[in-house]
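So that the names make sense, note that chain A is the first sequence line, chain B the second, and so on, each numbered from 1.
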Amino acid sequence: MEKRRTDCPALPAGWKKEEVIRKSGLSAGKSDVYYYSPSGKKFRSKPQLVRFLGSSVDLSCFDFRTGKMTSGKLHKNKQRARHEPGVSKSGKPDLNTALPIRQTASIFKQPVTKVTSHPGNKVKSDQQRASEQPRQLFWEKRLKGLRSSDVSQEQMRSMDLPTGLQCIGPDPSQDCLLWAIASALHLSSGPISGQSSSAEKNPAVWTNSNQPPCRGFTVSEQQIRDQEQVVNQVRRSLEEALSADFMARNAEHTKVRKKR
DNA sequence: GCCACCGGTGGC
DNA sequence: GCCACCGGTGGC
């Protein structure tokens, strides 16, 4: 047990756990637990691990001392998830949510950049972090067969992608490409332009995991303007629907008050 | 300057 | 009272 690094199945491949028994001092006999990233970086607390792994690994149930996932805390988290804003305690969607919330923000965890202008401050950067984030190729396939449905359990229609986008990789379906593009748009700060021509010939070797698995494409100014119009139109429709709903609610409210 | 190691303490 | 977390430092 002492001073031996062992594999830790609860963490991504390559991570090691070490338990060191204290030999002297008041705390002799007690032990310290350390973890080592695949590159050898040492971690001595759970917050430190969480900071490093970010959203790539869910450590909420991870027990730092044992190195295992605990099932006890799982229930607490599930209960809390049901009480998120926008959902009432009965589990049905709460249509009275006051503030509009960008729903995708909670699905795709995004890093927060802290900018400090104080001259004395040192900003620590972790170059290893980015290179050690595990990235799976063709992860879109895992979502195959899953469809989103609305509040009445009705399956929602998938979005239509512009024609001309050519999927490359093991799954040529439009759904997979849609998921990949949506994810890339949320996770990448750079432009989304598809794969290089070499990835077309051998996707398993040359696929760039930061880009969706489709043939390289360009977006014209005209297409951007067209899309702006579509978005504006949808916003107008939403505005009309919301104000109609608001008026109907008001009318209903005054009717009830008159009855009393 | 680095880091293994132990002490101190805040939160439970 | 326990212990997770992190500060501090002695030894290299």
Ring centroids only, cut at 6.0 angstrom: are A:Phe43 and A:Tyr36 within range, meaning strictly under it?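 That pair fails the under 6.0 Å test.
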Rounded to the Å, how far apart are [X] [atom1] and [N] [atom2]?
X       : N     : atom1 : atom2 : result
A:Glu19 : C:dC3 : CD    : C1'   : 14 Å
A:Lys46 : C:dC3 : NZ    : C1'   : 14 Å
A:Phe64 : C:dC5 : CZ    : P     : 7 Å
A:Leu26 : C:dG8 : CG    : C1'   : 16 Å
A:Ile21 : C:dC3 : CD1   : P     : 14 Å
A:Arg44 : B:dG7 : CZ    : P     : 14 Å
A:Arg51 : C:dA4 : CZ    : C1'   : 13 Å
A:Asp32 : B:dA4 : CG    : P     : 12 Å

side-chain N/O [X] vs [N] OP1/OP2, d < 4.0 Å:
X       : N     : result
A:Ser24 : B:dC5 : no
A:Lys42 : B:dA4 : yes
A:Ser45 : C:dA4 : no
A:Arg65 : C:dA4 : yes
A:Lys23 : B:dC6 : no
A:Ser27 : B:dC6 : no

Do the side chains of A:Asp32 and A:Arg22 get close enough for a salt bridge, i.e. N-O under 4.0 angstrom? yes
If we ignore angles and hydrogens, is there a donor and acceptor under 3.5 Å between the side chains of A:Ser220 and A:Gln223? yes
Mind checking A:Tyr34 for me? I need base, sugar-phosphate or nothing, with any heavy atom below 4.0 Å counting as a touch. base
Taking for A:Gln48 and for A:Lys30 the nucleotide of DNA chain C with the nearest heavy atom, the one nearer the 5' end belongs to A:Lys30
Whether A:Gln195 side chain and A:Asn208 backbone form a donor-acceptor pair below 3.5 Å: yes
Please say whether the positively charged group of A:Lys46, taken as NZ for Lys or CZ for Arg, lies over the ring of A:Phe64, i.e. under 6.0 angstrom from the six-membered ring centre and within 45 degrees of the axis. no
